[in-house]
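Notes for the one structure printed next.
If you're wondering where the values come from, they're calculated on a predicted model, not measured in any experiment.
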Amino acid sequence: MKAKLGVLAGFALVLIALFIFMDANGNWDYVLPRRGKKILAIILTGGAIAFSTMVFQTITNNRILTPSIMGLDSLYMLIQTIVVFFFGSTSLTMINKNVNFAISVSVMILFSGLLYKFLFRREGQNVYFLLLVGIICGTFFQSMSSFMEVLIDPNEFQNLSDKMFASFNNVNTDLLNLSIVCFGAIILYFMKFTKYLDVLSLGRDAAVNLGVDYDFVVKRLLIVVAILISIATALIGPITFLGLLVANVAHQFLRTHKHSILITGSILISIIALVGGQLIVERVFTFSTTISVIINFVGGVYFIYLLLKGKK
Amino acid sequence: MKKRYLILALVIFSIASVFIGVSNISPLDLFSLTEEELQVLFVSRVPRLVSIVIAGMSMSIIGLIMQQLTRNKFVSPTTAGTMDSARFGILIALMVFSNATPIQKMLVAFIFALLGTFIFMKILDRIKFKDVIFIPLVGLMFGNIVSSITTFFAYKNDMIQNMASWLHGDFSLIIKGQYEMIYISIPLLIIAYLFANKFTLAGMGEEFAINLGLNYKRVVNIGLVIVAMVSSVVILTVGTIPFLGLIIPNIVTIYHGDNLKKNLPHTALLGAVFVLACDIFGRVIIYPYEISIGLTVGVIGSAIFIYLLLRGKAHGL
Amino acid sequence: MIEVKQLSKKYGSKYVVDDVSLTIEKGTITSFIGPNGAGKSTLLSMISRLLSKDAGEIYIDNQIVGQVKSNELAKKISILKQANHIDIRLTVRDLVSFGRFPYSQGKLTKEDWIYVDEAIEYMELEDLQDRYLDQLSGGQKQRAFIAMVLAQNTEYILLDEPLNNLDMKHSVQIMKVLRKLVDEKGKTIVIVIHDINFASFYSDHIVALKDGKIVKKGPTAEIIDSCVLKCVYDMDICIQDINENKMCVYFS
């Protein structure tokens, strides 16, 4: 198992090195900070998404779900659309990015908080139910934004459509620092829950039997997941199927139930996918497509394959 | 709700629909119409009315058929990947034939919608865990995946904006000469009516149906063909109307029980009345501009869907 | 000792467990019997805190369930529900080691592993311990889950239909193990069981439930009685004595 993780780590490092040093031609002062920032953003978001999907799948005891479909993506797009709709496209670039980031993250966290509160009021809560309501809210947000998009000036629309797809091409340093702090705090908070993950994967009854305060732990973990997804989305944009892709690859490749290994593995796979994807975007497609489009495509196809080959 | 009230509502809303619009035509002028008014009426207003009624009816009915076939109240073209697959098909048609005719687009969209729905049924077959809520969740995921594949090709070919128009249901662009394709739905709905009881039996499961001497595969396939065909026709003429196929049959079931054959006329009528009402609402509220049907139904529909979910939960589903 | 006092649970307006009081003595096997929908499993789930109660109190060794920390309770009482279809790739040994979670919080000590080995040995799973769960037959899987509960080393063990889907041979094997646990290790076992003959042959006490209420409770010999069973199951059951045990014949 250690060997497999080692292979993943090595592969990730090689890709990162390739990404940073390829075609640098000695322009270190220019190239290094730019690419370094991209890599940092990739590691952060990739890690956060992989981590939260893994935790989420363990809580739901289901490998075909991802927290990204809970409507947060659509909500993020709605917020961006509203900003452009009411303040014009220049505001997206003019407004302090930190403000936009803070507003987006807080609205998304507020939304998930309300969703949880609303659904966990009754007993026998069902995470599937939560997710379905989330998706429907997502459709609702989407209807709203696509309506506004029709009314927006085509020139301004261009600015907005850049936001529709995740991209590492323009990562703001200030946001990066802010996100690192947020992630750090959340990871610290999460630490005391790590030990429960293996047990939670046995299902609710078994976990309660083994003395886990199930409702308490699951609620806290869901909040952690929502915050991580919100920050990742606000930082680079929506990548719906990244989590799904890497969590399933991690399960297939590592074939273990231990979350310490699974989570580390999925974070590494996530970094490999994103750095590899970004290399393809820059070198093969020469920026004619974006990383999220590729990842969603590959992730989606892989996932349909998984669903169809699943046991009867 | 009696059938005659629904018919009455349909007639009233239809008349209202014809006479609401920017160029003012009053019912009193009906016998002294100017050339221009006649033009407006027959080029824009009547086609709009016809397409609203047919789209409302057919989307509701194929929703009902899907719910019968899967035995799940929350499955519909929107929650089973059918719509997303049809949209993928349209994109492929646009890419392959640079100037695709409507018929070409429809055929390709149909093939993709059929394939997508078929894959969804196959996935259902392979899932061990058949929770009422889990199945539409899988369908929505599947739909998301298909549209992410669509986005991949659309982005590469600079067609994102083009595709957005198929995403959003809108009746305001319907004029004579561009909507007639929607008439294809009518014979399909008649076939659906004739097969209604067989769909109910097929929904009980393959073994159950075969035991009763039903050609299970054929009935399911006919159902899926109708669903895919109607979805592609509607998406090409009107665009996506989210959740329609989900909420209308459910409302009918609530007050009318579960008999498919009896429910079909009610579902069709209520679907038409609902879409008409939403359309009139959208045209009146910010007059002289209008809100598209995709948004009105999207907003009202998601609210009703969540209500149905909560209600179902209170009744133990 | 487990004491249940005026316990109730309702779904909607229907009581599934209705004002139930009972005491479970240490060092015995107690069986809950009754027709479908009698509330047996619900009662068991409430005693083990898997399900919340609507009214009443449950005491385990004079401590109120719900006031004790869940983790402390897990060292005292364990429950195994029916339908253990988990979808993760786990070996038998891994599964059994989860039983030590209440003590070690996931970081198993040498002592923990001794308990794990003992449990595996007790359930005769040595040859299977490195197999994955999805490679096991129904009976082997059930033994693995019981081994996990054994590793948890609790005084009280609650089992919800442990014989479900098992053939005669494996059913007898499991029941013998349970009997041995009580006789040799002094455990207290409560099971929900459908086969009244297994209840009759292996348990010390029987609680007969119907429509959420207790019809009668008492030593096995008192409950395995034509009159009582007629009242519970609403059918004529003929009782015959076979080697000091009572056997119910209800096939005609």
Taking every heavy-atom pair that is under 4.5 Å apart, which of C:K69, C:E72, C:R100, C:R49 has the most such pairs with chain A?
-> C:R49
Among side-chain atoms of C:S45 and C:K81, is any donor-acceptor pair under 3.5 angstrom?
-> yes
So which of C:T91, C:D94, C:L73 has the largest heavy-atom pair count under 4.5 angstrom toward chain A?
-> C:D94
Note: vs chain A, highest number of non-hydrogen pairs under 4.5 angstrom among C:L50, C:T154, C:N71 is C:L50
Which word best sums up how the rings of A:F193 and A:F216 line up, parallel for under 30°, tilted for 30 to 60°, or perpendicular for over 60°?
-> tilted
Indicate the ring-plane relationship of A:Y305 and A:Y302, choosing parallel, tilted or perpendicular according to the 30° and 60° boundaries.
-> tilted
Do C:K213 and C:Y15 meet the cation-pi criteria used here (NZ or CZ under 6.0 Å from the six-membered ring centre, within 45° of the axis)?
-> no
Between C:S70 and A:D213: side-chain donor-acceptor atoms closer than 3.5 Å | no
Does C:K9 use its side chain to pair, donor to acceptor, with the backbone of C:S52 at less than 3.5 Å?
-> yes
Anything in residues 243-256 of chain A with a heavy-atom distance to chain C below 4.5 Å? Please list those residues in order.
-> A:R255, A:T256
By a 4.5 Å heavy-atom criterion (distance strictly below it), what part of C:L158 contacts chain A: side chain, backbone, both, or neither?
-> neither
Is it true that the side chains of C:Q152 and A:N209 contain a donor and an acceptor less than 3.5 Å apart?
-> yes
Given the side-chain rings of A:Y196 and A:H259, with only the six-membered ring counted for Trp, is the space between their centroids under 6.0 Å?
-> no
